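The structure under discussion appears below in the form of structure tokens.
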Amino acid sequence: MAVDAWLKRLDTLKGFDATQHVVTNFRVAAQADEATCTSYVNALHFLTEDGREHVAHACGAYVHGFVRTPDGWRIRKATFRLIGHQNGARAFQDAFAIARARAARQP
């Protein structure tokens, strides 16, 4: 995904009241001018709409690929591997639909 598309996708997070991404168990493998970092993530997204609290919770792993440049290490690739949704995929999708609509209304 292009950087501009990724940043636009992140705009959805503005529609949540709060988010928390807990990232643990970093495992780094480096070889010459390339490296990979794998970590676990619990991504929680909270919002209240019409008096009802919505929680979008995804568990998974981040896999980041890095490359060494003359200016230092840079992210070459980032992947999220979904393990599951604690409250179910439907709850996750519903919360993100509300957040997208809320984010679209913001300046």
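What you see is a predicted model, and the numbers here were worked out from it, not measured in a lab.
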(message) Donor-acceptor pair, distance only, cut-off 3.5 Å: does the side chain of Arg74 make one with the backbone of Asp71?
(response) yes
Side-chain touch [X]/[Y], heavy atoms, less than 4.5 angstrom:
{"X": "Cys37", "Y": "Val28", "value": "yes"}
{"X": "Phe66", "Y": "Ile75", "value": "yes"}
{"X": "Ile98", "Y": "Leu47", "value": "yes"}

Distance in Å, [X] [atom1] paired with [Y] [atom2], rounded so as to fall on 0.5 Å steps:
{"X": "Cys59", "Y": "Asn42", "atom1": "SG", "atom2": "CG", "answer": "4.0 Å"}
{"X": "Leu13", "Y": "His21", "atom1": "CG", "atom2": "NE2", "answer": "6.0 Å"}
{"X": "Glu53", "Y": "Thr48", "atom1": "CD", "atom2": "OG1", "answer": "5.0 Å"}
{"X": "Gln31", "Y": "Glu34", "atom1": "CD", "atom2": "CD", "answer": "8.5 Å"}

(message) The test is side chain to side chain contact (heavy atoms under 4.5 Å, CB included); show your working for Tyr62 and Thr38 and say whether it passes.
(response) CA-CA 6 Å; Tyr62 286 138; Thr38 304; over 6 Å; no
(request) Go through Lys8 and Leu10 one step at a time and tell me if the side chain to side chain contact (heavy atoms under 4.5 Å, CB included) criterion holds. (result) CA-CA 5 Å; Lys8 183 170 175 46; Leu10 291 179; over 6 Å; no
(request) For the pair Lys14 and Asp11, find out whether any cationic side-chain nitrogen is under 4.0 Å from an anionic carboxylate oxygen. (result) yes
Common cluster, [X]/[Y], ILVMFWY with side-chain heavy-atom separation under 4.5 Å:
{"X": "Phe92", "Y": "Leu82", "value": "no"}
{"X": "Leu7", "Y": "Phe96", "value": "yes"}
{"X": "Phe26", "Y": "Val41", "value": "yes"}

(message) Can you confirm whether Arg27 is buried at CZ, in the sense that more than 12 heavy atoms of other residues, nucleotides or ligands lie under 6.0 Å from that atom?
(response) no
(message) Take a 6.0 Å sphere around CZ of Arg68 and say whether it holds more than 12 heavy atoms from other residues, nucleotides or ligands.
(response) yes
Do you know the tightest heavy-atom contact between [X] and [Y]?
{"X": "Gln93", "Y": "Arg100", "value": "O-NH2, 4.5 Å"}
{"X": "Ala95", "Y": "Ala56", "value": "CB-CB, 3.7 Å"}
{"X": "Lys77", "Y": "Thr79", "value": "CE-OG1, 3.7 Å"}
{"X": "Gly15", "Y": "Arg102", "value": "O-NH1, 3.0 Å"}

(request) On the 0 to 90° scale, with breaks at 30° and 60°, tag the His45-Phe16 ring pair as parallel, tilted or perpendicular. (result) tilted
(request) Assess whether side chain to side chain contact (heavy atoms under 4.5 Å, CB included) is satisfied between Asn25 and Ser39, documenting all intermediate values. (result) CA-CA 5 Å; Asn25 296 38; Ser39 56; 5.9 Å; no
(request) Before giving the answer on side chain to side chain contact (heavy atoms under 4.5 Å, CB included), spell out for Thr36 and Val63 the whole-Å C-alpha distance, their side-chain angles and the decisive distance to 0.1 Å. (result) CA-CA 7 Å; Thr36 301; Val63 181; 3.8 Å; yes
(request) Give the intermediate values and the outcome of salt bridge (Lys or Arg N to Asp or Glu O under 4.0 Å) for residues Arg52 and Asp94. (result) CA-CA 12 Å; Arg52 181 172 171 225; Asp94 289 348; 5.7 Å; no
(message) With a 6.0 Å cut-off on the ring centroids, do His54 and Phe46 count as close?
(response) no
